[in-house]
Each structure stands twice: as C-alpha cells, then as structure tokens.
Engineer: 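Below is the structure I would like to discuss, written out as structure tokens.
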Amino acid sequence: MKRTILTFVAMLCLAVSAMAQSIEVYISDNSGQATNIRNAPKGKVVCRLPLPASNGIMFSVDRQVNGWWHVDGNEYWDPATDIQSFTGSDTGYWVHNSVIAFATRNYGGQKLSLRSKPSASAPVVYSFTKELKLRPLDVMGKWVKVQTYDGKHIGWIELEWICGNSVTNCC
C-alpha cells in the first residue's frame, strides 16, 4: 500500500510539472449525497461516488466550463481501493467545483498570498500562514484561481503551492 501511495505521489508530481494546465484535486463533498460524475457540464450522471467513501478520491482536472471541471483522462485513485476507472461516457467526465478541493503546501508556515490576477506583481487580496483547503475556479498557466473553503476569499495562487493529495502532503 505504501509503495502504491509513493508511486501515485510521484505520478502527481510528474503530471503537474509536465502539464501546467492540469491540476490534481480530491473529492471533498459535504452534501451528504453521492458525488456525481457527469458526461458533460450539467450533463447526464454517468457515475456516482458514494459518500463518505468518496471523500479523498484523487484525479486530475484540466479545464473548467462555468464551474464544471473536465477530468483529465478516466482514472482516479481511491485510497481504499487503489486506481479505478470512470466508466459510462464516450465524451469525457466532468465534476462540479463545489465538490473538489486541494490544500496549500505551506507546511513550514510560509506566508502565502492570493492575488487579484495571475501574476506575482498583482495586488494581494488575502494572505495566510496556515495550510488551507481551497476550491479551484480556473487555471491559467502556472496559476490557479481559487476560493477558500469557507467561501470568504477568492484569488490566484501559483501551482507550486497546491497539493491535490488527500492522504499525504506533496513534499
């Protein structure tokens, strides 16, 4: 199991560095219902991930359309059962941003900032030193537009500061 986790973490790191537009996320669904995976934004439900077992399932997303993220590929990693495949769609898989998340990588208490635009010189809209759970809203190059899990702050953060692994940190 540890070997599988380490392999998956290595795959995540390679995927993030090789494909700047793809981001790693995990299911973080507090609805109390199954998490729906659809064949298009607002499309037909092709897969239901039952709660609470689905919380922590990890996969990559590569683009968003009106709050819906396209799953990059058809595989996901379930900490309880290992690598699985989404099935039931010939047009791809989509998940709503309200049920996915990632965390920040400021494990040493580094001060991170959300910025008004995807630029290190853009004005800071929010700063923090604690690790935070964030929801992705958009991706542009090496930047991700996010909303804090509590919904209070929106801004851009560099990809290098996010971790889409639900079972370990992304050191």
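This is a predicted model, so every value here is computed, not measured.
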Engineer: Do W94 and M58 sit in the same hydrophobic cluster, where Ile, Leu, Val, Met, Phe, Trp and Tyr count as joined when their side-chain heavy atoms come under 4.5 Å apart?
Structural biologist: no
Engineer: Is there a donor in the side chain of S85 and an acceptor in the side chain of T87, or the other way round, less than 3.5 Å apart?
Structural biologist: no
Engineer: Which residues pass the side chain to side chain donor-acceptor pair (under 3.5 Å) test with S116, not counting sequence neighbours?
Structural biologist: none
Engineer: Which pairs count as disulfide (SG to SG under 2.5 Å) when at least one residue sits in residues 44-163, sequence neighbours excluded?
Structural biologist: C163-C170
Engineer: Could you tell me which non-hydrogen atom of N165 sits nearest to which non-hydrogen atom of V167, and how far apart they are?
Structural biologist: OD1-N, 2.9 Å
Engineer: Of the non-hydrogen atoms in H70 and G92, which two are nearest, and what is the gap between them?
Structural biologist: NE2-CA, 4.3 Å
Engineer: Taking V46 as the starting point, is it possible to reach I57 by hopping between hydrophobic residues whose side chains are less than 4.5 Å apart?
Structural biologist: yes
Engineer: Starting from the C-alpha separation in whole Å, work towards a yes-or-no answer on side chain to side chain contact (heavy atoms under 4.5 Å, CB included) for V45 and I37.
Structural biologist: CA-CA 6 Å; V45 175; I37 305 297; over 6 Å; no
Engineer: Identify the two heavy atoms, one from G141 and one from L159, that lie closest to each other, and give their separation to 0.1 Å.
Structural biologist: O-CD1, 3.6 Å
Engineer: Restricting to non-hydrogen atoms, name the atom on H96 and the atom on S98 that form the minimum distance, rounded to 0.1 Å.
Structural biologist: ND1-OG, 2.9 Å
Engineer: Got a donor-acceptor contact below 3.5 angstrom from the N39 side chain to the S89 backbone?
Structural biologist: no
Engineer: Can you confirm whether V139 sits close enough to Q64 that some side-chain heavy atom of one is under 4.5 Å from a side-chain heavy atom of the other?
Structural biologist: no
Engineer: Using side-chain heavy atoms (C-beta onward) and a distance below 4.5 Å, is K142 in contact with E158?
Structural biologist: no
Engineer: Using side-chain contact (heavy atoms from CB on, under 4.5 Å) as the criterion, list what pairs up with S31, not counting sequence neighbours.
Structural biologist: D29, Q33, L51
Engineer: State yes or no: do V25 and W156 share one hydrophobic cluster built from I, L, V, M, F, W and Y residues joined by side-chain heavy-atom distances below 4.5 Å, directly or via other members?
Structural biologist: no
Engineer: Quick one, N66 and P41 - any side-chain contact, counting heavy atoms below 4.5 Å?
Structural biologist: no
Engineer: List in chain and number order the residues that pass side-chain contact (heavy atoms from CB on, under 4.5 Å) with N97, two or more places apart in sequence or in another chain; answer none if no residue qualifies.
Structural biologist: W69, L137
Engineer: With no hydrogens and no angle check, is any side-chain donor or acceptor of R135 less than 3.5 Å from a backbone partner on I100?
Structural biologist: yes
Engineer: Where do D72 and V61 land on the side chain to side chain contact (heavy atoms under 4.5 Å, CB included) test, with the steps shown first?
Structural biologist: CA-CA 5 Å; D72 186 12; V61 294; 5.9 Å; no
Engineer: Can a donor-acceptor pair be found, under 3.5 Å and without considering hydrogens, that links the side chain of Q147 to the backbone of Y149?
Structural biologist: no
Engineer: Let me check something: do V71 and L49 share a hydrophobic cluster, defined by ILVMFWY side-chain heavy atoms less than 4.5 Å apart, either directly or through other members?
Structural biologist: yes
Engineer: Can you find a pair of side-chain heavy atoms, one from Y76 and one from I27, that are under 4.5 Å apart?
Structural biologist: no
Engineer: Does the R115 side chain pair with the main chain of A120, one donor and one acceptor, at a distance under 3.5 Å?
Structural biologist: yes
Engineer: Tell me which donor-acceptor pairs under 3.5 Å the side chains of residues 124-134 have, and how far apart each pair is, sequence neighbours excluded?
Structural biologist:
from: S127; atom 1: OG; to: S113; atom 2: OG; distance (Å): 3.0
from: K133; atom 1: NZ; to: S28; atom 2: OG; distance (Å): 3.0

Engineer: Verify whether one side chain among W77 and D82 offers a donor that lies under 3.5 Å from an acceptor in the other.
Structural biologist: yes
Engineer: Just jot down the ring-ring contact (aromatic ring centres under 6.0 Å, His included) partners of Y93, sequence neighbours excluded, or say none.
Structural biologist: F86
Engineer: Is there a path of hydrophobic side-chain contacts, each under 4.5 Å between heavy atoms of I/L/V/M/F/W/Y residues, joining Y26 to I83?
Structural biologist: yes
